[in-house]
Asks: 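Dropping the structure in here first, questions after.
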Amino acid sequence: MPLKITTWNVNSIRKRLDHLGWLIEAERPDVICLQETKVEAAGFPGGDIAALGYPHQAVAGQKGYNGVAILSRRPLSDIERLHWGGGEAARHVAARVATGDGPLELHTLYVPAGGDKPDPLTNPKFAHKLDYLADLAHWWLARAAAPETPIVLTGDLNVAPLETDVWSHERLRRVVTHTEIEIAHLDRLRLAGHWVDAVRHFVPETEKIYSWWSYRTPDWDGADKGRRLDHVWVTPPLVPRLAGATILREARGWPRPSDHVPVSVVLDV
DNA sequence: ATGGTGGTCCTACCA
């Protein structure tokens, strides 16, 4: 039985409930990982989402900012809310889901955006972003999860690591999300967990792919000044199980869209 | 160098 996992930064779940329905119609995911839900857990529209077919939910919320959730057609267990880089921001939730091959560990993350200036000495938001990634990588190393543990990491990692993950490598190499130091931090995290980029498994590195287009760019589609900030990573035992990946670009053209689009991966598990 | 849009919640702050 294939398992389809979708990750999506919705930029407010309360503003995007219709969109969630459209996503479900388009992709029929088994698991949906959300970021930037922007609502306290108590205000999370869990009933509406259950009615859409996702009664099993792992939610980490806070008022107005951040917020992540895992929505599932199948039961979730071992729900954990995790915090990195200091503070209690709701940016990381983990859970387990059963498959025919045993349990699969799911993580979804909303990595700090990092502000405007890519200088950790003068921009505390950028320093926090680097600390967040470094702490998380360190935790993964200390945890020493065996590489054979099937783990899927999803989310808005707010880093576009490859030259073909941005519309212009030359224009963005000094812009937050595509700087050398952020990419180095993201690479360290990826190596710490033995992860493989599941979307790039299917799309050659020569091909440009994006998951985010700024609200501030007029004609997002024509200008196509996108970046790939949203990722799905899998550990080695899942690599031979990878059966497909989709970026739902059309979602950026929906009415009142999120600035991110859903990214989906299918696993034959 | 600046401002462009959209979200939260009501005054700026964050993306």
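As the structure is a prediction and not an experimental result, all values here were calculated from the model.
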Asks: In whole Å, I'd like the distance from the NZ atom of A:K225 to the P atom of B:dT5.
Replies: 15 Å
Asks: Using side chain to side chain donor-acceptor pair (under 3.5 Å) as the criterion, list what pairs up with A:W220, not counting sequence neighbours.
Replies: none
Asks: Determine the interatomic distance between P on B:dT2 and the same-named atom on B:dG6; round to the nearest Å.
Replies: 23 Å
Asks: Under 4.5 Å between any side-chain heavy atoms of A:T108 and A:Q35, yes or no?
Replies: yes
Asks: Starting at the 5' end of DNA chain B and moving along, which residue's nearest nucleotide shows up first, A:E40 or A:N158?
Replies: A:E40
Asks: With ILVMFWY side chains joined below 4.5 Å, transitively, what does A:W139's cluster contain besides itself?
Replies: A:L82, A:W84, A:L109, A:V111, A:Y132, A:L133, A:L136, A:W140, A:I151, A:L153, A:L157, A:V159, A:I183, A:L186, A:L189, A:W195, A:W233
Asks: Map A:T37 and A:T217 onto DNA chain B by nearest heavy atom, then report which one ends up closer to the 5' terminus.
Replies: A:T217
Asks: Taking OP1 and OP2 of B:dA15, is either one under 4.0 Å from a side-chain nitrogen or oxygen of A:K125?
Replies: yes
Asks: Heavy atoms, side chains only, cut-off 4.5 Å: are A:E36 and A:S258 in contact?
Replies: no
Asks: Would you write out the dot-bracket form of DNA chain B, 5' to 3', with Watson-Crick and G-U pairs under 3.5 Å, [ ] for crossing pairs, | for pairs to other strands and . for unpaired bases?
Replies: ....((((...))))
Asks: Per the ring pair (Phe, Tyr, Trp, His ring centres under 6.0 Å) rule, what does the pair list look like for residues 24-59 of chain A, sequence neighbours excluded?
Replies: none
Asks: Tell me which residues in residues 250-259 of chain A put a heavy atom below 4.0 Å from DNA chain B, sorted by number, or none.
Replies: none
Asks: Rounded to the Å, how far apart are A:H260 NE2 and B:dT5 C1'?
Replies: 13 Å
Asks: Side-chain contact, heavy-atom cut-off 4.5 Å: A:T154 with A:L106?
Replies: no
Asks: A:W8 and A:L248: same hydrophobic cluster, using ILVMFWY side-chain contacts below 4.5 Å?
Replies: yes
Asks: Test: ring pair (Phe, Tyr, Trp, His ring centres under 6.0 Å). Region: residues 61-82 of chain A. Which pairs qualify, not counting sequence neighbours?
Replies: none
Asks: Which other residues end up in the same hydrophobic cluster as A:L121, if Ile, Leu, Val, Met, Phe, Trp and Tyr are linked when side-chain heavy atoms come under 4.5 Å apart?
Replies: none
Asks: Measure the distance from CD on A:E36 to P on B:dC13 and round it to the nearest whole Å.
Replies: 18 Å
Asks: With sequence neighbours excluded, give me every ring pair (Phe, Tyr, Trp, His ring centres under 6.0 Å) pair touching residues 164-194 of chain A.
Replies: A:H169-A:H178
Asks: If you look only at pairs with a residue in residues 108-127 of chain A, which of them pass as a salt bridge (Lys or Arg N to Asp or Glu O under 4.0 Å), with sequence neighbours excluded?
Replies: A:K117-A:D119
Asks: Heavy-atom distance under 4.5 Å between the side chains of A:N11 and A:R16, does that happen here?
Replies: yes
Asks: Find the distance A:R216:CZ to B:dG3:P and express it as a whole number of Å.
Replies: 11 Å
Asks: Which whole-number value in Å describes the distance from A:W213 CH2 to B:dA15 C1'?
Replies: 17 Å
Asks: Please examine the side chains of A:K15 and A:V10, heavy atoms only from C-beta on, and report whether any two atoms are closer than 4.5 Å.
Replies: no
Asks: Nearest whole angstrom, please: distance from the C1' of B:dT2 to the CG of A:D116.
Replies: 12 Å
Asks: Name each donor-acceptor pair under 3.5 Å that joins a side chain in residues 17-28 of chain A to protein atoms two or more places apart or in another chain, with its distance.
Replies:
residue, atom, partner, partner atom, Å
A:H19, NE2, A:P255, O, 2.7
A:H19, NE2, A:R256, O, 2.9
A:E27, OE1, A:K4, NZ, 2.6

Asks: Which residues, if any, of residues 108-115 of chain A bring a heavy atom under 4.0 Å of DNA chain B?
Replies: A:Y110, A:A113
Asks: At a heavy-atom distance below 4.0 Å, what parts of residues 9-21 of chain A sit against DNA chain B?
Replies: A:N11, A:S12, A:R14, A:K15, A:R16
Asks: In whole angstroms, how far is the C1' atom of B:dC14 from the NZ atom of A:K117?
Replies: 19 Å
Asks: In this structure, how many angstroms lie between the P atom of B:dG7 and the CD atom of A:Q35, rounded?
Replies: 17 Å
Asks: If the P atom of B:dT5 is compared with that of B:dA1, how far apart are they to the nearest Å?
Replies: 22 Å
